[in-house]
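Worksheet for the structure shown next.
For the numbers below, each heavy atom of this structure counts, side chains included, while hydrogens, waters and symmetry mates do not. Per chain, numbering begins at 1; letters A, B, ... match sequence-line order.
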Amino acid sequence: MATERYNAPDRERHWQKVWRDQKIFETRRDPAKPKYYVLEMFPYPSGRVHVGHVRNYAMGDVVARYKRAKGFNVLHPMGWDAFGLPAENAAAERDVHPGGWTYDNIAAMRAQLQNMGLSHDWSREFATCDAAYYKQQQKLFLDFYAKGLIYRKKSRVNWDPVDNTVLANEQVIDGRGWRSGALVEQRELEQWFLRITNYAEELLAGLDTLDRWPDKVRLMQRNWIGKSEGARLRFKLSGEPLPGGKGELEIYTTRPDTIFGASFIAISPGHPLALVLAKKDPALQEFLADCARIGTSQEEIDKAEKKGFDTGVKAAHPFRTGGKLAVYVANFVLMDYGTGAIFGCPAHDQRDLDFANKYKLKVVPVVIPEGEDPKLFKIVDEAYTGGGRISNSSFLDGMSVDEAKEEVIQRLEKKKIGKRETNYRLRDWGVSRQRYWGCPIPMIRCEECGVVPVPETDLPVTLPEDVTFDAPGNPLDRHPTWKHADCPNCGGKATRETDTCDTFVDSSWYFARFCSPHECERPVDPEACDYWLPVDQYIGGVEHAILHLLYSRFFTRAMRDCGHLNLAEPFAGLFTQGMVIHETYKDAEGKWLSPDDVRFADNGGGGDRSALTIDGSPVEIGAPEKMSKSKKNVVDPDGFSAHYGADTARWFMLSDSPPERDVLWSDDGAQGAWRFIQRVWRLIDDAAEKGAKTGAKRPAEFSADAMELRRASHRALDKVAKSIEGLGFNRAIAASYEFANAFGAALAKADKSPDDSLRFAVREAAELFTHIINPFMPHLGEECWLRLGHNTLLANAPWPDADQTLLVDDTVTIAVQVNGKRRDELVVAKDAGREDVEAAALKLDSVIRAIEGRTVKKVIVVPQRIVNVVA
RNA sequence: GCGGACGUGGCGAAACAGGUAGACGCAAGGGACUUAAAAUCCCUCGGCUGAAAGGCUGUGCGGGUUCGACCCCCGCCGUCCGCACCA
């Protein structure tokens, strides 16, 4: 028997080379086979792979390898989300080119990923900053533009007046620019927008079809789209300060049924009427200025008091003659939702009630809860938002809320002063970024012809290489020649758009590009996409639950409408995995310490753990948190793998915690995985030795020991397969451990017994065990496969089917309860009749003792599960 | 504020068409093999009680439904996540 330990790093390099040389993970379309597309969210090339990546890609790889073994034609590609701000920051800090920096990072990370033994098809690799990719993205931009899905409008941006540059939201810290520290201003710039709101209804309805998405993500998207159904209606205005003395005001409401409960009108401080009125009213001017000072941060909104300003203007109630409502400017009314104006119904809206109480306005309940007396029902400081009967409402009295809504809308439409309207919170997607390292927007501005798209034949609009980052602002904008172009229309002098695309655009269609990554005539080959799409299993972080996933769903539909794709939903199955967390350490001065700088004290067993720095000073052990550079609680997967191998890291990352939950990286846990790898190797090595003596000849009869082992093997195989199908990697691993224990016990028996059928079962168990662990630890899998005498690659071997007859026992152990308390257990034939089971249970001493002479009232027998004696 | 998820040993967790709670791993304790260590192997491991067999108790708390509840219903408490003045 070989006693050598399994040299993981050495063997892993070997098997990686074999796989690479034989190109076995390169995939081609094959209509004869069912396809399966597994995709992990592609990484940003920051320069280093972290353990979060390891977990993410290990999950995808388990699925990919398993599906491959199950006979699917598996597409499992990898690429790079390569545009973005960090490259520009690196360029500014250390005088390198963003492109060079990015491609260097990609090379480093590619090598790291390849060391993990992932079954990616590297022949399909691309980076979004490759001109070949962004050329096609520009083509899509032109197609969308032609289709009316792209438009320009003015929009506010964060402007740093010292650096003269636009800032992303995350670059604004406490209202100041992160570099300059200057107070950030809001500026209006002309920007490009994608008309995602055209698809609001479809994106919402589509969520119902995504039955393999987490409910949580679907709910988040549903809320984000934020559909509300209601009505838009016009109020006639009167009042002295109003220019001309007359006018109309349009409001939006979701509660037209409460129209008779209206006691005021409120408009946004940004509303045109407010601006007009302010021209003649210094007090209102001051009020508007006050509102503008309130920031947009969470805290400020929370603290902001509901304030209003009575304009003196009156609005006529549409259904109640003589009913006049005061028009306020109120700081809580948003300009960019609905019409920027509302009617306030204090009795049935908390915010309106607070406002009404503050300004002493009438509170009239018009919806009376079932069972309440309309005459006695009063609202004081809590609005009633439930259902009921309408009251105090003229022609609506006695109706339900829904009936009243319908009635009001119909009357509004008949009187031509309003109509039914559905609103969404979803806004169009602003994609302009005043940045260098992004996909150039292929548009040209001509003084004569206006905005003109770059002709398709001129694509790609490539980024210039000779740029500098030593000055603030957009390098494209100050490049001496790049932005000057001839107008494609009239040939006159014109300027290029110097904005680039939001990087979320890049990631909104990369999954489709993987189907035909080398296509140069068009963004995607529709036939290839018809075959491969949708992605069957998409895996990534929940932080992308809204934006990336919603944008991708939108892009897929937009591409469909431009003739590039034939489907609406890009991701049939979605899985959001948890983070990898690690303890945090601080020294006596409160400075963060890296795990490498911490030693754990040997406190002689028991008690709390304590830690010291290398030089012996005390360390405070903090709660496990998401790994981050700033807290220094990061583990370098490369260093770990160099010692223990990638298989150990993969196994550990998928064990213990359910994949959707956070997992704690601990050295002890990693050691456990390492011990298991060595144990698997010993078991297989031992089994190969024993199995070899009888070869693979199947005996006519199996001994009891052999049958027990065979049942355990096939049951483990079945359980692991089902667990992987359900993405329950932790359960699959637990089943593997359980089987290792049974296998070890059987091997010990085989040592002492001359039982040939047991030897056969041992050999069979070794083969199945190798298959079982292979998706998780593919290098070790190949090594075991070789040890078992195969001269093929396990990566090419089909997944064995479990023998169904071995999954069920002839006998079952069932619990015996008396009055619901477990008293004993009973081993009975699987198909034993109720009467037999009942009789056997009643004969048990433990049952007789528990009954204590009482009469048996009832005996409940659930076949194969339980007997409950009621006495 | 609105919406959602989750509370199980020292720790990560299993078990959920209501049917033996704690599989599996980590940590811990005891033992074997070693001159010793590493590695490996064996045993113990929710709490209380008992020499043991066993008994009682136990899935955040309080009720309820049921022969039987981690699971279903009602009411609390706590933690986490998302959205946030959306009329």
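- Under a 4.0 Å N-O distance rule, the pair R218(A)/D215(A) qualifies as a salt bridge.
- Base pairing of U8(B): no nucleotide in any strand meets the Watson-Crick or G-U wobble criterion (both distances under 3.5 Å).
- Distance alone, capped at 3.5 Å, places no donor-acceptor pair between the Y644(A) side chain and the D647(A) backbone.
- A27(B) and A13(B) have their C1' atoms separated by 14 Å, given to the nearest Å.
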Taking only nitrogen or oxygen atoms into account, show me every contact under 3.5 Å that the protein makes with nucleotides 13-22 of chain B, one pair per line with its distance.
| from | atom 1 | to | atom 2 | distance (Å) |
| --- | --- | --- | --- | --- |
| A14(B) | OP1 | N730(A) | ND2 | 3.1 |
| U20(B) | O2 | R822(A) | NE | 3.0 |
| U20(B) | O2 | E825(A) | OE1 | 3.3 |
| U20(B) | N3 | E825(A) | OE1 | 3.4 |
| U20(B) | O4 | T813(A) | O | 3.2 |

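- Atom CZ of R425(A) and atom P of C2(B) are 14 Å apart (whole Å).
- Pairing of C33(B), defined by two Watson-Crick or G-U wobble distances under 3.5 Å, is not identified with any nucleotide.
- The side chain of W224(A) lies closest to A84(B), out of G4(B), A84(B), A87(B).
- In this entry A15(B) has no Watson-Crick or G-U wobble partner, no candidate having both defining distances under 3.5 Å.
- Spacing of P atoms, G29(B) relative to A39(B), comes out at 15 Å, to the nearest Å.
- Nearest to the side-chain atoms of E738(A) among the listed nucleotides G3(B), C24(B), C26(B) stands C24(B).
- Between the CD atom of Q350(A) and the P atom of C86(B) there is a distance of 12 Å, rounded to whole Å.
- Candidate nucleotides G25(B), G3(B), A87(B) were compared by shortest atom distance to the side chain of N223(A), and G3(B) ranks first.
- Base pairing annotation: A28(B) forms a Watson-Crick or G-U wobble pair with U44(B), both donor-acceptor distances under 3.5 Å.
- To the nearest whole angstrom, the two C1' atoms, one in G18(B) and one in C67(B), are 12 Å apart.
- Rounded to an integer number of Å, the gap from NZ of K722(A) to P of A23(B) is 22 Å.
- The nucleotide A21(B) finds no pairing partner, because no Watson-Crick or G-U wobble arrangement with both distances shorter than 3.5 Å includes it.
- With rounding to whole Å, K626(A) atom NZ is found 12 Å from C81(B) atom P.
- Across all strands shown, the partner of G1(B) is C83(B), judged by Watson-Crick or G-U wobble contacts whose two distances both fall under 3.5 Å.
- Atoms CD1 (I733(A)) and P (C26(B)) sit 12 Å apart, rounded to a whole Å.
- Annotation: A53(B) and G19(B) have their P atoms spaced 29 Å apart (nearest Å).
- When distances are taken from the side chain of R675(A) to each of G55(B), A23(B), U40(B), the shortest belongs to U40(B).
- A donor and an acceptor atom sit less than 3.5 Å apart, one in the side chain of K306(A) and one in the base of C85(B).
- Taking atom CZ on F776(A) and atom P on C24(B), their separation rounds to 18 Å, with Å as the unit.
- In this structure, G226(A) reaches neither bases nor backbone, as no heavy-atom distance under 4.0 Å exists between it and the strands shown.
- Looking at K722(A) and D718(A), a side-chain N of the basic residue comes within less than 4.0 Å of a carboxylate O on the acidic one, giving a salt bridge.
- As rounded to the nearest Å, G47(B) and C11(B) have P atoms that lie 12 Å from one another.
- Taking the charged nitrogens against the carboxylate oxygens, E229(A) and K405(A) have no contact shorter than 4.0 Å, which rules out a salt bridge.
- On the P atoms, C26(B) is 41 Å away from C74(B), given to the nearest whole Å.
- Residue R218(A) is classed as having no contact, given no heavy-atom separation below 4.0 Å to the nucleic acid.
- Among the heavy atoms of the strands lying under 4.0 Å from V333(A) is at least one base atom, whether or not backbone atoms are also near.
- Across all strands shown, nothing is found opposite G58(B) as a Watson-Crick or G-U wobble partner with both distances under 3.5 Å.
- Straight-line distance from the OH atom of Y337(A) to the C1' atom of C83(B): 14 Å, rounded to whole Å.
- Taking a pair to require two hydrogen-bonding distances under 3.5 Å in either a Watson-Crick or a G-U wobble arrangement, C72(B) pairs with G64(B).
- Contact annotation: S228(A) reaches the phosphate of A87(B) (side-chain N/O to OP1 or OP2, under 4.0 Å).
- The backbone N or O of V327(A) sits less than 3.5 Å from a side-chain atom of T311(A), completing a donor-acceptor pair.
- Side-chain contact, Q577(A) with R661(A): no donor N or O sits under 3.5 Å from an acceptor N or O.
- The C1' atoms of C61(B) and G78(B) are separated by 10 Å, rounded to the nearest whole Å.
- Between V663(A) and N819(A), the one whose closest nucleotide on RNA chain B sits nearer the 5' end is V663(A).
- A salt bridge between K307(A) and D290(A) is present, with a side-chain N of the basic residue lying under 4.0 Å from a carboxylate O of the acidic one.
- The backbone N or O of A829(A) sits nowhere less than 3.5 Å from a side-chain atom of T811(A) that would complete a donor-acceptor pair.
- Comparing C56(B), C41(B), A87(B) against the side chain of T254(A) picks out A87(B) as the nearest.
- For K821(A) and U57(B), the shortest distance from a side-chain N or O to OP1 or OP2 is below 4.0 Å.
- Shown here, G9(B) is classed syn by the O4'-C1'-N9-C4 or O4'-C1'-N1-C2 angle, which is within 90° of 0.
- Both M220(A) and M335(A) sit near RNA chain B, but only M220(A) has its closest nucleotide nearer the 5' end.
- A distance-only check finds no donor-acceptor pair linking the side chain of R425(A) to the backbone of S228(A) [under 3.5 Å].
- At the heavy-atom level, N741(A) lies under 4.0 Å from the strands shown only through sugar-phosphate atoms.
- As judged by a 4.0 angstrom heavy-atom cut-off over every strand, T253(A) is placed among residues touching the sugar-phosphate backbone only.
- The base of A87(B) does not come close enough to the side chain of R255(A) for any donor and acceptor atom to sit less than 3.5 Å apart.
- Counting to the nearest Å, the P atom of C80(B) and the CE atom of M579(A) are 13 Å from each other.
- Taking the C1' atoms as reference points, C85(B) lies 12 Å from C2(B), given to the whole Å.
- Using modelled atom types, one finds no donor on one side chain facing an acceptor on the other under 3.5 Å when comparing D667(A) with Q671(A).
- Using a 4.0 Å heavy-atom cutoff across all strands shown, K857(A) reaches no nucleic acid atom at all.
- A salt bridge links D809(A) with R715(A): the distance from a Lys NZ or Arg NE/NH1/NH2 to an Asp or Glu carboxylate oxygen falls below 4.0 Å.
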